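The structure presented is a predicted model; accordingly, all values stated were derived computationally and were not measured.
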Amino acid sequence: MAQQKDNRFKVTNLLMSVTFFVVAAAFIVILAQAFILQVTEGDKYRKKIAENSQRRVAVPADRGDILARDGRKLACSVPSYRIVMDPCADGLKDSIFNKGISKLSVQLSNLFKDKSPEEYREKIEAARRRGSRYLRLGNRRISHLEYRRVKEFSIFSRGRNKGGFFVEQNDERKLPFGILAARTVGKLYEDKQKGGLVGLENSFDKVLRGKDGVANKLKMTGKWISCEVTPPVDGRSLLTTIDIDIQDVAENSMIRQLSAHNADHGVAMLMEVKTGAVRAIVNLHRQADGSYTEDHYNYAVGELAEPGSTFKLASLIACIEEGGVSLSDTIDTYNGEFKIYDRVMRDSKPGGHGNVTVQRAFELSSNIGMSRLVMKCFDKKRDVFIECLKNMGLADSLGLDVKGEGRSEIKTPADPTWSGTTLPWMSIGYEVRLTPIQLLTFYNAVANNGTMMRPMFVECQIDNGKRVAEVKPRVMRNSIARTSTIRQIQKALVGVVENGTAKNISGTPYQIAGKTGTAQIAHDGRGYKKDGEHSYLASFAGYFPADNPLYSVVVMVYGPSNNVYYGNVVAGNVVKAIADRVYAAEFRKGSGQAKPQVPTSGKMPYSKGGWAPDLVKTLSDLKVPNTVSSSSSDWVSATARADGVSVKPRFFTQGVVPSVIGMGAADAVSLLEQMGLVVSFEGVGRVVSQSIPQGSHFHKGTSISLTLEN
């Protein structure tokens, strides 16, 4: 019996020992595993926990707008929203849901008009029954104004947790003015994160896109809560040089002309002479249905073509500069045909123009006259002719704000394709290729008395309402020719419009100067015929007013196909339409800077007008009879009459430059500074001219200079 107890005791001890060792071993294994997890693999698991409980997400910055010179939006980001509902939101109680679902269904049906109220109700209730946490509603995205309305809908007005309402936002890039300057303004990639695809959207992508912020999302009680770490820096806006009103006229004039002549595509540009600011740029291309659009290619900036007769201006400058030619010299154009080696050059007039002056040959755009003139001056020194062209800036890169500039092609005698006929054909605009904007820059330099300006598309950037990174006008070449040469050339260009090939656009109250061009288009090594027929480039380049140039202009129509292809008719009429619009809008408002007439009659004293209280008090103190209009205004004009001085109110629009011509310095400076302009002036007395024309739009901080005389 004792033996049995002893055996049982031993067995029990053994079991206890085994159990102890097993537990101890397990404990050691657990400790080892814990050590391994903590020390060797701890970082990995801690990272997984962090990934499942917090996230770092980008907070997108708002893209800046692209603005016309008066601040109107050419391109902007417009938010749109997709309505989403969480029918099983934690705070959405049955009582609230059941009470509001009928009204919500009616509101959604009225907004989208795609389903009946009953269908909306059934859709939402079914999603709630099956426990759905994500339900898209509506057949389209909604605007910001609609979003503000939807936030007040039944149930939705309680927010995301208690009403299950939230939206998915998407910013769409819009062009409020449609195709106007659309190719130059540019567009974005389909994936907007890639930024600008073409135009200013591409060139200034970093400025416009800003810098995205970073936010942490923390998971707390099963919900993701955003905690912003670094706020986004919104992109700056671009204030361009584009005048949307002039752009509109240029665009519509070109569409009418291209349609009338069934042309392939066309370009029109208007540039401010003194600054090089591009006020309008049109790039229209014919689509399959015969309509025209801007969304194809920036021909004005990138397309190289043989310019034809508009290039004769450069040839004439070279002949005057280096060949000692005068406009009064004579040149024989023969009978309209002139054989040069194995080629025959012809003039457009059968029988030719005979023996004429150089000026007349230029006015009539005689191919023979110009080629013979160039050969006479440069046949033995062809390198000098090429050097002359380069000195005019025709081979210079313009360094444009918009990418894609084509590089001009001007042959040299060292070129393997140079032949005995190259010089005479180059003189009339063949075997040389320029872009429209290069040609415009050249003509603008002639209008600017020889000073070549770099074309500008952007005036400044706008950062939180302030003008920054101002772009100043830049001179490319101080002079492309001697002053005496420029004077002769300007006279010749006036002659083209008054007496020559562009006479059809003469007779305007302002005078246009310029040169027509009609060139056959070469087709990729297939010569000058396409499908067995010639295709043409009709063009006009020039400036206005001729006596005081303010704007230069170029119009090019490619491939007119209704048997009318001459530059004066096809391109010249567009130039006149644009110039008429600018004249009507600006010159008639006083931008011609003519010295004002003193508004007086009889023996009463002349007054400059100005601040109303001061003027009325002065007239009263001097006992001068005066009549004051009943309309109230702080600023007035005054006209002296035989029986007294008539005082009338003057009203000014904020953001639009007023005319201060005729005012005294103190009043003019006071008015302009009150409107936000920075004023400088020269002289004493009353204002006789102002640097920014009346009616021009401006931004606060813009500088204006005044000229005063007694």
Side-chain angles (χ1 to χ4, degrees), residues 241 243 246 250 268-281 300 307 309-317 320-321 327 359 362-363 391-394 396 398 434-456 473-498 500 502 505-506 508 510-517 539-556 567 571-572 574-576 578-583 586-587 591-593 691 693:
T241 61
D243 184 309
I246 298 175
M269 281 185 290
L270 189 87
M271 181 185 289
E272 196 171 74
V273 169
K274 297 299 181 185
T275 64
V278 176
R279 297 303 182 201
I281 177 168
S309 293
T310 53
F311 193 78
K312 291 174 183 175
L313 178 66
S315 298
L316 183 55
I317 291 176
I320 295 174
E321 283 280 280
L327 295 181
Q359 165 124 7
F362 186 75
E363 291 173 351
N391 289 340
M392 296 176 211
L394 290 169
D396 293 351
L398 300 179
L434 301 174
T435 63
I437 198 168
Q438 288 165 344
L439 187 65
L440 175 64
T441 303
F442 171 57
Y443 271 77
N444 192 79
V446 173
N448 200 23
N449 297 321
T451 302
M452 180 172 280
M453 305 302 298
R454 187 181 303 280
M456 290 171 55
R474 292 181 59 186
V475 174
M476 292 180 61
R477 287 178 177 264
N478 289 319
S479 181
I480 63 168
R482 292 190 298 267
T483 301
S484 59
T485 301
I486 295 296
R487 292 287 177 263
Q488 290 190 69
I489 289 299
Q490 290 172 340
K491 178 183 175 184
L493 290 171
V494 169
V496 171
V497 177
E498 295 301 310
I505 64 170
S506 64
T508 56
Y510 56 94
Q511 197 173 46
I512 301 174
K515 182 72 184 72
T516 59
S539 59
F540 182 95
Y543 53 86
F544 61 93
D547 59 344
N548 180 28
L550 295 181
Y551 292 100
S552 57
V553 61
V554 66
V555 171
M556 292 188 166
V574 178
V575 170
K576 187 175 183 299
I578 296 171
D580 281 347
R581 171 64 181 83
V582 174
Y583 174 78
E586 298 190 23
F587 302 137
S591 66
Q593 308 297 338
S691 62

TODO: Find out whether Gln511 and Glu498 are in side-chain contact, i.e. whether some heavy atom of one side chain is under 4.5 Å from a heavy atom of the other.
DONE: yes
TODO: Looking only at non-hydrogen atoms, find the nearest pair between Val497 and Ser506 and report the distance.
DONE: O-CB, 3.3 Å
Task: Closest contact, heavy atoms only, Ala546 versus Ala513 - done: CB-CB, 4.0 Å
Open item on the list: Rounded to the nearest 0.5 Å, what separates atom CG in Leu316 from atom CD1 in Ile489?
Closed with: 3.5 Å
- [ ] Working to the nearest 0.5 Å, report the span between CD of Glu272 and CG of Asp243.
- [x] 9.5 Å
Open item on the list: Would Lys515 pass as a cation-pi partner of Phe362, given that its NZ or CZ must be under 6.0 Å from the six-membered ring centre and within 45 degrees of the axis?
Closed with: yes
Task: side-chain contact (heavy atoms from CB on, under 4.5 Å) partner of Tyr551, chosen from Ile578, Val582, Asn444 - done: Val582
- [ ] Please examine the side chains of Phe311 and Leu394, heavy atoms only from C-beta on, and report whether any two atoms are closer than 4.5 Å.
- [x] yes
Open item on the list: For a side chain to side chain contact (heavy atoms under 4.5 Å, CB included) check, start with the C-alpha distance between Met476 and Leu398, then their side-chain angles and the critical distance, and finish with the verdict.
Closed with: CA-CA 8 Å; Met476 292 180 61; Leu398 300 179; 3.7 Å; yes
Task: 4.5 Å side-chain heavy-atom contact, Met452 and Thr441 - done: yes
Task: Test item: Leu550 and Tyr583 side chains (from C-beta on) under 4.5 Å apart, heavy atoms - done: no
Open item on the list: Tell me the closest heavy-atom pair linking Val446 and Ile486, and the distance in Å.
Closed with: O-CG2, 3.8 Å
TODO: Find out whether Thr275 and Met453 are in side-chain contact, i.e. whether some heavy atom of one side chain is under 4.5 Å from a heavy atom of the other.
DONE: no
- [ ] Enter the distance from Leu440:CG to Leu434:CG here, rounded to the nearest 0.5 Å.
- [x] 12.0 Å
Open item on the list: I need the minimum non-hydrogen distance between Met392 and Arg477, along with the two atoms involved.
Closed with: C-CD, 4.3 Å
Task: Separation between CD1 of Ile480 and CZ of Phe442, rounded to the nearest 0.5 Å - done: 5.0 Å
TODO: Answer whether the closest heavy-atom distance between the side chains of Pro455 and Met271 falls below 4.5 Å.
DONE: yes
Open item on the list: Looking at every non-hydrogen atom in both residues, tell me the closest pair between Ile505 and Thr508 and how far apart they are.
Closed with: O-CG2, 3.8 Å
TODO: For Arg279 and Thr241, indicate whether the former's side chain and the latter's backbone hold a donor-acceptor pair under 3.5 Å.
DONE: yes
- [ ] Identify, with sequence neighbours excluded, every residue that meets salt bridge (charged side-chain N to carboxylate O under 4.0 Å, His left out) alongside Arg482.
- [x] Glu321
Open item on the list: Determine whether a donor-acceptor pair (N or O, by modelled atom type, separation under 3.5 Å) exists between the side chain of Tyr443 and the backbone of Thr310.
Closed with: yes
TODO: May I ask you to test the Tyr543-Asn448 pair for a side-chain heavy-atom distance under 4.5 Å?
DONE: no
Open item on the list: When you compare the side chains of Gln490 and Asn449, does any donor N or O come within less than 3.5 Å of an acceptor on the partner?
Closed with: yes
Task: Separation between CG of Leu493 and CD of Glu363, rounded to the nearest 0.5 Å - done: 10.0 Å
Open item on the list: If I compare all heavy atoms of Pro545 with all of Tyr510, which pair ends up nearest, and what's the gap?
Closed with: CB-CB, 4.3 Å
Open item on the list: Test your reading of the model: is there a side-chain donor-acceptor pair from Thr451 to the backbone of Ser479, 3.5 Å cut-off?
Closed with: no
